Amino acid sequence: MNVEPGHLLHPIRMLILTFSFWALFFNNVLAKEQNIASNDSIVYVWDFSVSDPSIREIGTMLTNDFETELINSGLYTVLERRRYNRVLAHQNLENKIADIQNLPAASIDSLKANRAGVVIFGEVKDDIDSGVYEVTVTFQGLSEVILRKGSVLIGRGLIRDNQTRKEYMKELLDKVHRKELLAAKNSQYHTISKLLETYIIRVKDVSKEFKDVTKYALDHPEYTGEIVKVVNNYNTIFNDINGNGSKYLMEFGQYWPPTKSQELQIIFNNILDETHKTHILKLDKIRTAILEYQTHSGSKKEKEKKKADILKNLERNIDDLNRQVDILDLRIHTFLSYLQTEMNNELNR
């Protein structure tokens, strides 16, 4: 949309969009964080080994649950286990393997033929004394390098609850990707903080410029250019929020909890409706009145009255705008302070 210099745009209401946490995670972050070959995005999940034959069924359930979460994440291409007979050899053999070094040569050849770069091994230990199962997963490249490793504890009484078991496997998947998650979360914090802080600076500039320059611009048209300059700067950041707000919300929501996405949505709505539509657009009318005054050919008395009306309206509108900006500024400051605190806490864990 083309913007005429000096004009302030009307907002378009943005809709809240909800997306899966992992929807675009891999494309944006994982490739940058992993300094490994490209085929490491193709993985094979080996059946989880168990500490005792009596919990083999539990090992099978956890293998299936973890593989399902891995597929749903979109992070990797997951080879379907039962389609690659040469990879898995025998079921009884599979349960004894927890390292690339122990894989048969035929399995290694089959993995390479299918362009797999990583095998994911799992281990389930029954800690009877503690009343928990310890589930550990290890991502190991065919070069035998361990790429990721993590574990979770699941209470014995919870292990057969389908939903609970899946939640623990999702937690385990998140845990082994913590480095990338924190990097992406931090990147989103800096993107949103820069966006909001820039808006506050620009809207304050508009308020100050109108207040300081209008009385001179009425009788000296050359001053009008100063107003146009700050308005155009404001339009740049406003157009960004107005046109790309849904995209910002989507990307922010991938890494931050829904409550924070809702707060960001409220801030965007505040910018678009309360600040821009309710207050900034009134200043655009004053800008138009200034241009009309400069070309007015009426009597001196008429011009004086028109000038007084413009300055009176300006003072009232600037006061209203400044109060609104103070409220918005405090909301943004509180929001960003929370995000920064959360980032610091996670980095120190």
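Small disclaimer: the values here were computed from a predicted structure and weren't measured.
Residues Glu123 and Val135 are not in side-chain contact: their nearest non-hydrogen atoms beyond the backbone lie 4.5 Å or more apart. Within the 4.5 Å cutoff, the side chain of Tyr199 has heavy atoms near those of the Leu328 side chain. Using a 4.5 Å heavy-atom cutoff, the side chains of Gln188 and Gln254 are not in contact. In this structure the side chain of Leu218 never reaches within 4.5 angstrom of the side chain of Lys306, judged on heavy atoms. No side-chain heavy atom of Phe238 sits less than 4.5 Å from a side-chain heavy atom of Val203. Within the 4.5 Å cutoff, the side chain of Tyr234 has no heavy atoms near those of the Asp205 side chain. By the 4.5 Å heavy-atom criterion applied to side chains, Tyr248 and Leu195 are counted as neighbours.
Looking only at distances, no side-chain donor or acceptor of Thr214 sits under 3.5 Å from a matching main-chain atom of Lys211. Proximity of a side-chain donor or acceptor of Glu226 to a complementary backbone N or O of Tyr223 within less than 3.5 Å is not detected. Listed for the Ser130 side chain is no donor-acceptor partner under 3.5 Å among the backbone atoms of Val132. Looking only at distances, a side-chain donor or acceptor of Ser49 sits under 3.5 Å from a matching main-chain atom of Gly122. Counting only distance, with no hydrogens or angles, the side chain of Thr198 and the backbone of Lys194 share a donor-acceptor pair below 3.5 Å. In this structure, Asn114 contributes its side chain and Ala116 its backbone to no donor-acceptor pair below 3.5 Å. No donor-acceptor distance shorter than 3.5 angstrom exists from the side chain of Lys175 to the backbone of Val152, with no hydrogens or angles considered. Using a distance-only test at 3.5 Å, with no hydrogens or angles considered, a donor-acceptor pair links the side chain of Thr63 to the main chain of Gly59. Listed for the Thr68 side chain is a donor-acceptor partner under 3.5 Å among the backbone atoms of Asn64.
Between Glu180 and Arg148, at least one side-chain nitrogen of the basic residue sits less than 4.0 Å from a carboxylate oxygen of the acidic one, meeting the salt-bridge criterion. Between Glu251 and Lys247, at least one side-chain N (NZ, or NE/NH1/NH2) sits under 4.0 Å from a carboxylate O, which counts as a salt bridge. In summary, Arg156 and Asp127 do not engage in a salt bridge, as defined by a charged side-chain N under 4.0 Å from a carboxylate O. Using a cutoff of 4.0 Å between basic side-chain nitrogens and carboxylate oxygens, Arg287 and Asp284 are scored as salt-bridged. A salt bridge between Lys166 and Glu69 is absent, with no side-chain N of the basic residue lying under 4.0 Å from a carboxylate O of the acidic one. Between Lys208 and Asp212 there is a salt bridge, since a side-chain N of the basic residue sits under 4.0 Å from a carboxylate O of the acidic one. Ionic pairing of Asp174 and Arg178 is not present here: no N-O contact between side-chain nitrogen and carboxylate oxygen is shorter than 4.0 angstrom. Taking the charged nitrogens against the carboxylate oxygens, Arg323 and Asp320 do have a contact shorter than 4.0 Å, which makes a salt bridge.
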(message) Could you go through Ile290 and Gln294, starting from their C-alpha distance and side-chain angles, then the distance that decides it, and tell me whether this counts as side chain to side chain contact (heavy atoms under 4.5 Å, CB included)?
(response) CA-CA 6 Å; Ile290 293 171; Gln294 291 171 347; 3.6 Å; yes
(message) Set out, in order, the CA-CA distance, both residues' side-chain angles and the distance that settles side chain to side chain contact (heavy atoms under 4.5 Å, CB included) for Tyr133 and Leu158, then state yes or no.
(response) CA-CA 10 Å; Tyr133 293 101; Leu158 300 174; over 6 Å; no
(request) Apply the test side chain to side chain contact (heavy atoms under 4.5 Å, CB included) to residues Lys149 and Val176: give CA-CA distance (whole Å), side-chain angles for both, the deciding distance (0.1 Å), then the verdict. (result) CA-CA 6 Å; Lys149 188 172 185 177; Val176 296; 5.9 Å; no
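Judged purely by distance below 3.5 Å, without hydrogens or angles, the side chains of Gln324 and Asn270 pair a donor atom with an acceptor atom. Counting only N and O atoms by type, the side chains of Asp65 and Tyr168 include no donor and acceptor under 3.5 Å apart. With hydrogens and angles left out, the side-chain atoms of Asp126 and Ser51 include no donor and acceptor closer than 3.5 Å. Between the side chains of Asn269 and Asp273, not a single donor N or O lies within less than 3.5 Å of an accepting N or O.
Rounding to the nearest 0.5 angstrom, the gap separating the CG atom in Leu283 from the CG atom in Leu314 is 7.0 Å. The distance from the CG atom of Asn235 to the CZ atom of Arg202 is 10.5 Å, given to the nearest 0.5 Å. One finds the OH atom of Tyr76 at 6.5 Å from the CD1 atom of Ile120 (value rounded to the nearest 0.5 Å). The distance from atom CZ of Phe210 to atom CD of Glu315, rounded to the nearest 0.5 Å, is 15.5 Å.
Between Glu342 and the options Asn344, Asn345, Leu339, a side chain to side chain contact (heavy atoms under 4.5 Å, CB included) holds for only Asn345.
Ring orientation note: the planes of Phe66 and Phe139 are nearly perpendicular, at an angle over 60° on the 30°/60° scale.
Ile267 and Ile201 fall into different hydrophobic clusters, defined by Ile, Leu, Val, Met, Phe, Trp and Tyr side-chain heavy atoms under 4.5 Å apart, directly or through other members.
If you look at Tyr255 and His177, their ring centroids are not closer than 6.0 Å.
Under the 6.0 Å distance and 45° angle rule, Lys260 does not count as a cation-pi partner of Phe335.
In the displayed structure, Gln340 atom CD is contacted under 6.0 Å by more than 12 heavy atoms of other residues, nucleotides or ligands.
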